[in-house]
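When reading the values below, keep in mind they use all heavy atoms of this one structure, side chains included, and skip hydrogens, waters and symmetry mates. First the proteins, then the strands, lettered A, B, ... as listed; each starts at 1. Bear in mind that the values here come from a model prediction, so they are computed numbers and not experimental data.
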2 protein chains.
Amino acid sequence: MNAPTPREATRRRLLDALRQDGPMARVELGQQLGMSPASVSDLTASLLDEGILVTEDGSEATGGLLRGRPKVRLYFSENLGSVIGVWTGYNRIELRLVDSAGRSRASRRIERPLRNLSADDLMDLLADLITTFARESGAPDVKAVGLACQGYVDTRDGVVAWSPVLGTRDLPLAEGLRGRLGKPVLLDNDASAMAFALAQRDPTLRAGRTACLMVGDGVGLGFLINGELYRGARSGGSEFGHVRLRRSGPQCRCGGRGCIEAFLADYALHRDAQLIDHRPAPNALIPGEEAMATIVRQARAGDPALLNLFREAGEVLGDAVGILIQTLEPDHVVICGPATRAMDLLRPSFEAALETQTIQELRMLAAIHVVESSIDLLTEGVIIQALRELDGELARLKAA
Amino acid sequence: MNAPTPREATRRRLLDALRQDGPMARVELGQQLGMSPASVSDLTASLLDEGILVTEDGSEATGGLLRGRPKVRLYFSENLGSVIGVWTGYNRIELRLVDSAGRSRASRRIERPLRNLSADDLMDLLADLITTFARESGAPDVKAVGLACQGYVDTRDGVVAWSPVLGTRDLPLAEGLRGRLGKPVLLDNDASAMAFALAQRDPTLRAGRTACLMVGDGVGLGFLINGELYRGARSGGSEFGHVRLRRSGPQCRCGGRGCIEAFLADYALHRDAQLIDHRPAPNALIPGEEAMATIVRQARAGDPALLNLFREAGEVLGDAVGILIQTLEPDHVVICGPATRAMDLLRPSFEAALETQTIQELRMLAAIHVVESSIDLLTEGVIIQALRELDGELARLKAA
DNA sequence: CCGTTTTTCTTCGCCACATGAATAAAACAT
DNA sequence: ATGTTTTATTCATGTGGCGAAGAAAAACGG
């Protein structure tokens with residue numbers, strides 16, 4: 001809201017660098033941020049003073065062969081409370097507890113569909129799960145909660161504007177949870193959170209433009225420009241999964257037909273696999289990992305109908321990535337999420353479609369990464385965002 | 001390249017504001033840029049000193065009813081040379097001469113296809129046309145040339161990586177022209193230039209994210225984030241027009257089938273209109289404005305086959321805008337270029353397609369503008385970019 | 001016609017932030 | 001011990017921007 005002072009901006013850059021590339025000595029920070037040792041020293045002095053950073057290097061071996069005064073690495077303090085990250089999937093919820101240094105302390109997975117709950121019931125349930133998890137995992141002092149969910153999210157107001165999972169519209173989820181938990185709640189789209197987390201881990205993804213396509217329960221897109229999430233009109237992610245690629249394609253859970261998601265998401269593959277065997281169409285539940293593994297195994301064994309299903313899915317994936325390349329001209333395209341388990345089945349038609357869909361000059365610029373990413377990484381995405389917010393929060397508290 | 005000093009950055013912001021919102025007094029500048037009158041005074045003093053700005057307000061009436069010391073508006077000097085902007089279309093070239101204050105001084109349109117020329121011949125021809133135009137219009141002192149062309153452009157290196165118009169690939173156009181003309185040459189994609197120019201004129205387009213779809217000779221996309229052009233991997237615009245929407249659609253000049261362009265561009269509509277009458281398919285020349293006007297007239301008169309053509313084109317346009325909305329979540333979508341002449345024919349199917357393609361929540365956020373924009377505006381886009389560069393250039397010269 | 005009012009612009013002292021240079025600190029090598 | 005090397009801190013300095021006070025330029029009001 002209020003304009004950050006230049007000091008706050010550099011402070012933030014410094015903390016970001018430290019979070020991304022691990023504990024570092026002051027000289028290294030200076031080099032990386034392109035600022036003088038004097039400035040780093042000055043800035044870190046106050047951060048150490050505030051207790052945000054510690055320097056418990058002590059006996060840490062510096063290698064032995066180097067001479068000169070040893071580096072003193074700066075760490076985030078672990079004792080400034082913790083943050084809980086939550087992901088709400090279609091029929092399960094993942095929770096994770098992380099201390100203020102970013103170290104994972106506990107995690108839990110709960111099988112529980114969230115559909116068909118009233119807004120109040122949903123928020124009551126989530127608040128209950130979160131407090132139970134915090135208590136049972138002995139969370140020291142939960143300072144904030146980060147929540148990643150599918151659908152179209154207004155990250156500024158913390159509102160789920162639309163979601164294929166929760167039935168409701170314009171759900172003020174952050175506010176509701178904040179009221180119930182008494183803690184700040186940060187909301188984001190799950191694909192955005194995943195993209196952010198991946199870029200935190202891999203410096204190459206932070207350079208230039210990275211389009212991250214997460215394929216699993218649904219299809220989401222997170223887009224990064226120089227490591228920062230691109231935010232749209234309501235500062236949310238996009239609903240790229242509901243671009244309608246085939247005019248008379250299969251039914252999508254958004255109500256439309258032929259959306260990208262309707263070919264690629266687990267529920268779509270599972271449903272269409274069932275239809276092949278003339279078994280009754282399953283209800284809307286997302287299949288479990290076992291069910292999906294079975295389908296993949298049968299396809300790998302050579303089931304022609306299933307192979308055709310994956311061929312078509314790969315083609316849609318190629319078209320989708322092609323659209324991204326022609327529209328955004330990214331340096332990196334990341335394909336991640338559960339669907340990467342079947343990348344071998346998707347790849348031939350994926351590559352063929354990508355080739356016919358894109359202009360060669362543009363296609364050659366985009367490096368395509370296939371990353372097997374877990375939900376752990378996803379919760380990490382919102383957690384890091386929450387931790388970043390907290391840094392600023394602490395500074396403001398100290399000032400008062 | 002080299003990091004701009006903070007001073008240079010604010011200097012640039014000030015000049016940009018002055019260019020966008022016309023001559024202004026110092027107080028107004030201060031309000032708009034959120035800085036104190038003292039700072040503005042300081043900064044403008046050196047700009048006036050360098051001769052970049054002038055204050056020849058003199059007898060300008062301030063309204064009469066206001067009291068107090070009258071505002072002194074700051075103008076760009078007109079006497080610091082001029083800039084030529086060029087647009088290379090499919091079968092014509094537009095040139096425009098503008099003085100250092102941004103006022104248009106002369107313009108010319110040359111009917112001349114550029115295809116099937118060798119790289120050297122092409123650059124010779126362009127250089128010749130530009131010098132002739134400069135001489136005949138009595139250009140005082142041409143400081144730079146801005147060139148907008150179709151296709152995939154590397155704006156940093158000034159290379160046309162790919163173009164459906166020029167047959168060549170990786171053409172170092174800026175360097176070639178710079179060698180021939182002895183002046184800096186700035187290259188950009190034409191849709192990007194158009195988007196930029198539109199946003200310069202209309203402040204609302206500078207707020208948030210604006211996707212500008214230019215439909216005419218081809219289909220191009222310019223994307224703005226907070227008034228600045230989004231730049232992809234090679235810092236160029238995108239080739240959105242060659243997203244393949246219909247797998248077995250009509251032939252596109254890129255070699256593919258079913259590209260957005262293959263439905264919407266003038267050449268496509270003209271070609272398909274000819275085919276209806278079983279006339280021989282025309283050669284690849286872009287039809288003239290008269291030919292297009294005839295087609296539009298016949299369609300308005302009720303020709304069912306032509307109406308169908310426009311219906312299909314509108315549908316593709318709706319799908320295209322839908323993809324943009326679902327992917328970029330823009331605040332504004334601008335449809336501009338010659339194709340707006342037939343917007344009445346396109347609109348019904350456009351709106352229907354847009355509605356089925358997009359999620360309502362997202363669609364409602366994007367304001368859709370249909371703007372009849374001329375090529376004049378397009379050359380203005382590159383010219384303003386060139387002028388902006390020159391400001392910095394002048395500062396560096398003074399410093400040396 | 002001359003002070004008063006009002007608004008714009010400038011001058012000046014000051015503060016926040018960052019830097020380079022000198023200095024101190026902490027190790028190893030001899 | 002004493003130099004060598006690298007890291008961290010201190011301090012004087014410079015830059016950019018700001019608030020406050022004052023100067024300037026007009027209209028207004030007697």
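- Evaluation of the salt bridge (charged side-chain N to carboxylate O under 4.0 Å, His left out) rule for R388(B) yields D16(B), E228(B) as partners, not counting sequence neighbours.
- R73(B) has its CZ atom 10 Å from the P atom of dC9(C), to the nearest Å.
- E78(B) has a carboxylate O that lies under 4.0 Å from a charged side-chain N of R103(B), or vice versa, which qualifies the two as a salt bridge.
- Under the salt bridge (charged side-chain N to carboxylate O under 4.0 Å, His left out) criterion, E380(A) pairs with R96(A), R201(A), not counting sequence neighbours.
- Residues that satisfy the salt bridge (charged side-chain N to carboxylate O under 4.0 Å, His left out) test with R178(B), not counting sequence neighbours, are absent from this structure.
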Under 3.5 Å, N/O pairs linking protein and nucleotides 19-24 of chain D:
from, atom 1, to, atom 2, distance (Å)
dA24(D), N3, R69(B), NH1, 3.4

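- Within residues 16-30 of chain B, no residue places a heavy atom under 4.0 Å from DNA chain D.
- The existence of a salt bridge linking K183(A) and D141(A) is excluded, since no basic side-chain nitrogen approaches an acidic carboxylate oxygen closer than 4.0 Å.
- Comparing dT19(C), dA8(D), dA27(C) by their closest approach to the side chain of V72(A) singles out dA8(D).
- Between E8(B) and R13(B) no salt bridge is recorded (no basic side-chain N to carboxylate O distance below 4.0 Å).
- Taking the C1' atoms of five terminal pairs at each end of the helix from dC1(C)-dG30(D) to dT30(C)-dA1(D), the two resulting helix axes are inclined by 20°, rounded to 10°.
- Going from atom CE of M35(A) over to atom C1' of dC17(C) covers 9 Å, rounded to whole Å.
- For Q20(A) and R206(A), the side-chain atoms include at least one donor-acceptor pair closer than 3.5 Å.
- Under the 4.0 Å criterion applied to side-chain N and carboxylate O atoms, K143(A) and D99(A) are not assigned as salt-bridge partners.
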